[in-house]
Amino acid sequence: MTAPLWDPQQYLRHADHRTRPFRDLLARVPELPDAPAPRIADLGCGAGNVTALLAERWPRARITGYDNSPQMLERARAHATALLDFAEADAATWTPSEPYDLIVSNALLQWVPGHAGRFPDWLDALTPGGTFALQVPGNFDQPSHALMRELAESPRWRSRLGGSLRHADAVLSPAGYLEHLTAPGITADVWETTYLHLLHGEDAVLDWVKGTGLRPVLTTLADDEKARDAFLAEYRDLLRAAYPAGPHGTVFPFRRLFAVAHREK
Ligand SMILES: C[S@@+](CC[C@H](N)C(=O)[O-])C[C@H]1O[C@@H](n2cnc3c(N)ncnc32)[C@H](O)[C@@H]1O
């Protein structure tokens, strides 16, 4: 799969809707151990707007947002403070070099093949009473992604885009997360939610996926404006039929999976 180029501006266009699952995840993170300055890692911090929410909840914490996109990190650094910084790291290989009270990862791990293999190292780094919390999309079988994949694999596009998009196996099942996050001394809480995002504006679902799921296509076709526009026009027509605009907006159902693993004190 092509490593996608990210566009923070496009990603943030739906920040309200996108931040909701992060808030719901945080609501299930217990208070952090009584440390003078809790230590927090935000893996795949993106544009840093959700990392800033961690600083709001734990104002004395030392927080580092990690990401492997220079574009996202540049945008994130606008949120930096004396206690909040950002650094480049690949979640596929990131190994904590110090104990953490909280490791959080929101809408990242679907981009990291085999990510459950990293969990033992991350759980090992948790302080007593520490938490690892994750949220991933669980919508790869939905029309937004299925239509994108079918078009990319169609005879017209296969030679350029075949194999560039992720399938349902990009994430585990809820039971799979529970299994990988339950260990001696660790308890896990796993759940799923389907949000019915009510989006506004023309071709709102296309606008949404341009910020995330469609990045590999936009990256592969970045140097060929004509081809990119042709793909977008075909995909847009499919989305219009799958997600018709209603009188109050376009309903975009979005399933998300959550897991919170907690080390006993
Ligand atoms: C959908 S965005 C989520 C950003 C942020 N966590 C949020 O909730 O707004 C996914 C982020 O993961 C980052 N990412 C993708 N693969 C990564 C990897 N292997 N290592 C680190 N970051 C990665 C991308 O650069 C992007 O910023």
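Predicted model, so just to flag it, every value in this text is computed and none were measured. In listed order, ligands and their atoms are each counted from 1.
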### Task
Return the option from Y11, W6, F22 holding the heavy atom at the smallest distance from atom 3 (C) of ligand 1.
Y11
### Query
For atom 18 (C) of ligand 1, what's the nearest protein heavy atom and its distance?
N68 ND2, 3.3 Å
#### Entry: F254 and F252 aromatic ring geometry - parallel, tilted or perpendicular at 30°/60° bounds
perpendicular
### Sub-4.0 Å heavy-atom approach of A89 to ligand 1
yes
### Query
Of the choices G65, C45, A107, which has the non-hydrogen atom that lies closest to atom 2 (S) of ligand 1?
A107
### Query
Honestly curious: do I63 and L73 fall in one hydrophobic cluster under the side-chain, below-4.5 Å linking rule?
yes
### Message
Once you measure the plane-to-plane angle for H17 and H197, does it fall in the parallel (<30°), tilted (30-60°) or perpendicular (>60°) bin?
### Response
perpendicular
### Shortest reach to atom 8 (O) of ligand 1 by a heavy atom, considering only L43, L73, N106
N106
### Query
When rounded to the nearest 0.5 angstrom, what distance separates NE2 in H79 from CG in N49?
5.5 Å
#### Entry: N/O separation below 3.5 Å, D90 to ligand 1
yes
### Task
State, with a plain yes or no, whether a side-chain heavy atom of L54 is found less than 4.5 Å away from one of F22.
yes
### Task
Report the member of D67, L53, V50 with the shortest heavy-atom distance to atom 13 (C) of ligand 1.
D67
## Note on the structure
Check: of G44, G46, A91, min heavy-atom distance to atom 6 (N) of ligand 1 comes from G44
### Task
Could you list the atoms of ligand 1 found under 4.0 angstrom from a heavy atom of L108?
12 (O), 13 (C), 14 (N), 15 (C), 16 (N), 17 (C), 22 (N), 23 (C)
### Message
Taking the six-membered ring for Trp, are F140 and H145 closer than 6.0 Å centroid to centroid?
### Response
yes
#### Entry: Heavy atom of the protein closest to atom 16 (N) of ligand 1 (residue, atom name, distance)
W111 CB, 3.7 Å
#### Entry: Geometric cation-pi criterion R166 and W111, 6.0 Å radius, 45° cone
yes
#### Entry: Name of the residue among D85, D67, D42 meeting side-chain hydrogen bond (donor to acceptor under 3.5 Å, both in side chains) with T51
D42
## Note on the structure
Quick note on ligand 1: atoms under 4.0 Å from a heavy atom of M72 include exactly 27 (O)
